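Working notes for the structure below.
Quick caveat: nothing in here was measured; it's all calculated off a predicted structure. Start at 1 with the first residue, then count along the sequence.
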Amino acid sequence: MFLKFALRDSLLLLMCLMFWYWDFALVAQHKSNWLLISFAVLTTAITYAANLFIHEWGHLTGALLTGSKVYAQPRLFAYALFHFDGKQNNARQFIAMSSGGFVAGALVIGAIIVFAPLDSLVAKLALLVLSLNMIATIVYEFPETWRVVSGAPVPTGAAFEPFENQASC
């Protein structure tokens, strides 16, 4: 059910890696500053988009590793890959699903730190943007996770309901 998303996101990730490669090639050729800045901004934007989907795959991985009931998104060009069934899954499954997104985001930032030359403009921009995104994600997503860790019930509502006429995975 998730094959169409895997193909879509693999293409985005491949495009992202190609832009990083091209950015480093431009730097090596000592291209003009306006071109380097423009390309670094474009590469950062593509990296940000790839990171959003990697974050979602992290959530899905956490959910599937714990046997959670999830529902695949029926639309190919939607941000969320799935809905987590808040009525059928337990707190442990919710915490694993939620944690998977945080781990995925941290891995992307870690990969840039390990593999990219940190003195490059694109690495600096990408780390800034992705770090700000990680902070926003923590502010937005962590409180709900913490409530469940502290004993609150697994959330229900629109984000935690199956899509209409949708089979579970």
With rounding to the nearest 0.5 Å, note down the distance linking [atom1] in [X] to [atom2] in [Y].
| X | Y | atom1 | atom2 | result |
| --- | --- | --- | --- | --- |
| Phe102 | Leu107 | CZ | CG | 13.5 Å |
| Leu127 | Met134 | CG | CE | 11.5 Å |
| Asn51 | Ile109 | CG | CD1 | 7.0 Å |

Side chains of [X] and [Y], heavy atoms from C-beta outward: is any pair under 4.5 Å?
| X | Y | answer |
| --- | --- | --- |
| Thr43 | Leu125 | no |
| Leu13 | Ile54 | yes |
| Leu52 | Tyr48 | yes |
| Trp146 | Val149 | yes |
| Ser98 | Phe84 | no |
| Arg147 | Phe142 | no |
| Val122 | Phe24 | yes |
| Thr61 | Val103 | no |

Side-chain heavy atoms under 4.5 angstrom apart, residues restricted to Ile, Leu, Val, Met, Phe, Trp, Tyr: same cluster for [X] and [Y]?
| X | Y | value |
| --- | --- | --- |
| Leu26 | Tyr21 | yes |
| Leu7 | Met15 | no |
| Leu14 | Phe19 | yes |
| Leu130 | Leu121 | no |
| Leu65 | Leu60 | no |

(message) On the six-membered ring of Phe53, is Arg8 placed so that its NZ or CZ lies under 6.0 angstrom from the centre and within 45° of the ring axis?
(response)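 Geometry flag: set, cation within 6.0 Å and 45°.
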
Measure across [X] and [Y] and return the closest heavy-atom pair with its distance rounded to 0.1 Å.
| X | Y | result |
| --- | --- | --- |
| Val70 | Ala63 | CG1-CB, 3.8 Å |
| Trp57 | Ala6 | CZ2-N, 3.5 Å |
| Cys16 | Thr47 | SG-OG1, 3.5 Å |
| Val148 | Val154 | CG2-CA, 4.2 Å |
| Ala123 | Ala116 | CB-CB, 4.1 Å |
| Ile112 | Leu118 | O-CD2, 3.9 Å |

Mark yes or no for whether [X], through its side chain, and [Y], through its backbone, hold a donor-acceptor pair below 3.5 Å.
| X | Y | result |
| --- | --- | --- |
| His55 | Gly101 | yes |
| Glu56 | Ala80 | no |
| Ser68 | Leu64 | no |
| Asn89 | Lys69 | yes |
| His83 | Tyr71 | no |
| Gln88 | Asp85 | no |
| Ser131 | Leu128 | no |

(message) Restricting to salt bridge (Lys or Arg N to Asp or Glu O under 4.0 Å), what partner residues turn up for Arg92, sequence neighbours left out?
(response)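 Testing Arg92 for salt bridge (Lys or Arg N to Asp or Glu O under 4.0 Å), a comparison that skips the adjacent residues, returns none.
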
(request) Kindly give the cluster partners of Val114, where membership spreads through any ILVMFWY side chain lying under 4.5 Å from a current member. (result)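 Joined to Val114, directly or through intermediates: Phe115.
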
(message) For Phe5 and Phe82, I'd like to know if the aromatic rings sit close, meaning centre-to-centre distance below 6.0 Å.
(response) no

(message) Can you tell me if Lys4 has over 12 outside heavy atoms packed within less than 6.0 Å of its NZ?
(response) yes

